[in-house]
Amino acid sequence: MSEEALAGVPLVHISPEGIFKYVLINVIDGGDASKAVVRGFDDCTWHADIFDREEEVFKKLGLRAECPGGGRIEHNPEKKYLKVYGYSQGFGKADHAQTKRILATKYPDYTIETSDEGY
């Protein structure tokens with residue numbers, strides 16, 4: 001079941017617009033299979049709030065989760081623009097290039113920029 005559960009986990013779940021924190025999460029099934037997903041919500045104050053919320057979802061599916069890092073996302077749907085930048089004080093900086101590749105699977109018609117500047 002965990003392989004099927006892992007396959008069903010969406011790669012991207014972020015707020016529809018605004019500037020908000022995000023985390024990169026490695027979701028792992030009971031065996032060797034895993035995939036990286038991006039989660040970012042404007043109603044979460046801390047990166048850990050995002051991770052804790054999503055970890056509960058994954059646990060219910062029989063999956064484990066690890067967070068290698070986070071940052072911020074600026075999402076402007078009118079301009080079809082995403083900017084990935086900054087870092088998480090608790091988890092460290094996510095691999096923004098990897099985050100960009102994952103975001104592009106859901107937003108292929110967007111301009112997606114990355115930056116190591118900013119918090």
Side-chain angles (χ1 to χ4, degrees):
M1 163 160 163
S2 348
E3 281 184 37
E4 293 167 0
L6 183 63
V9 171
L11 291 175
V12 177
H13 187 188
I14 63 171
S15 291
E17 65 181 311
I19 297 174
F20 45 87
K21 294 180 179 177
Y22 90 91
V23 290
L24 187 62
I25 302 174
N26 293 323
V27 185
I28 306 146
D29 74 0
D32 294 332
S34 68
K35 71 178 177 182
V37 300
V38 175
R39 298 293 186 267
F41 307 116
D42 59 7
D43 66 333
C44 290
T45 304
W46 308 105
H47 292 94
D49 296 336
I50 300 166
F51 181 74
D52 291 346
R53 178 190 295 177
E54 292 300 295
E55 186 178 35
E56 285 304 311
V57 171
F58 300 139
K59 279 182 182 176
K60 289 177 183 172
L61 296 171
L63 303 169
R64 291 185 302 114
E66 297 173 350
C67 181
R72 292 181 185 264
I73 292 176
E74 177 183 340
H75 186 184
N76 185 328
E78 273 185 29
K79 294 182 179 178
K80 294 189 175 191
Y81 174 79
L82 288 162
K83 181 177 180 181
V84 180
Y85 65 99
Y87 62 93
S88 162
Q89 288 185 335
F91 296 113
K93 184 177 88 64
D95 179 341
H96 295 327
Q98 181 181 18
T99 300
K100 177 180 177 176
R101 286 190 300 273
I102 295 168
L103 288 169
T105 66
K106 183 168 182 175
Y107 301 99
D109 56 340
Y110 272 50
T111 299
I112 305 173
E113 294 181 356
T114 62
S115 172
D116 288 332
E117 302 299 314
Y119 164 68

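In this text, all values refer to a predicted model and were calculated from it rather than measured experimentally.
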What distance separates Lys79 NZ from Thr111 OG1, expressed to the nearest 0.5 Å? 11.0 Å
Pairwise side-chain contact, Lys80 with Tyr107, heavy-atom cut-off 4.5 Å (strictly under): no
Ring pair (Phe, Tyr, Trp, His ring centres under 6.0 Å) against Phe51, all qualifying residues, sequence neighbours excluded: Phe91
Rounded to the nearest 0.5 angstrom, the NE2-CD distance for His75 and Glu17 is 8.0 Å
Any idea which heavy atoms bring Pro16 and Pro77 closest together, and the distance? O-CG, 3.5 Å
State, with a plain yes or no, whether a side-chain heavy atom of Val38 is found less than 4.5 Å away from one of Ile73. yes
Nearest 0.5 Å please: distance from the CD atom of Glu74 over to the CG atom of Leu82. 9.0 Å
Are the side chains of Pro68 and Asn26 in touch, meaning some heavy atoms are under 4.5 Å apart? yes
Close side-chain approach of Lys35 and Leu6, heavy atoms under 4.5 Å: yes
Contact between Ile102 and Val12 at the side-chain level, heavy atoms closer than 4.5 Å - yes or no? yes
Within a reach of under 6.0 Å around CG of Asp32, are more than 12 heavy atoms found that belong to other residues, nucleotides or ligands? no
Least distance between heavy atoms, Ala94 atom then Thr99 atom: CB-OG1, 4.3 Å
Looking at Gly90, is its backbone amide N or carbonyl O close enough to the side chain of His47 to form a donor-acceptor pair, meaning the two atoms are under 3.5 Å apart? no
Closest approach of Ser115 to Lys83 (non-hydrogen atoms, all atoms of both residues): CB-CE, 4.0 Å
Can you name the closest pair of heavy atoms from Leu24 and Cys67 and give their distance? O-SG, 3.5 Å
Are any of the side-chain heavy atoms of Phe20 and Ile50 separated by less than 4.5 Å? no
Can you measure from CZ (Arg64) to CD (Glu55) and round to the nearest 0.5 angstrom? 10.5 Å
Side chain to side chain contact (heavy atoms under 4.5 Å, CB included) partner of Leu103, the single match among Thr114, Ile14, Leu11: Ile14
Is there a side-chain contact between Arg53 and Asp43, using heavy atoms and a 4.5 Å cut-off? yes
Donor on one side chain, acceptor on other, Glu113 and Tyr81, under 3.5 Å: yes
Does a sphere of radius 6.0 Å around NZ in Lys106 hold more than 12 heavy atoms from other residues, nucleotides or ligands, not counting ones at 6.0 Å or beyond? yes
Closest heavy-atom contact between Gln98 and Ala36? NE2-CB, 3.3 Å
Search all heavy atoms of Ile28 against all heavy atoms of Ser34 and return the closest pair with its distance. CG1-CB, 3.9 Å
Side chains of Tyr87 and His96: any donor to acceptor distance under 3.5 Å? no
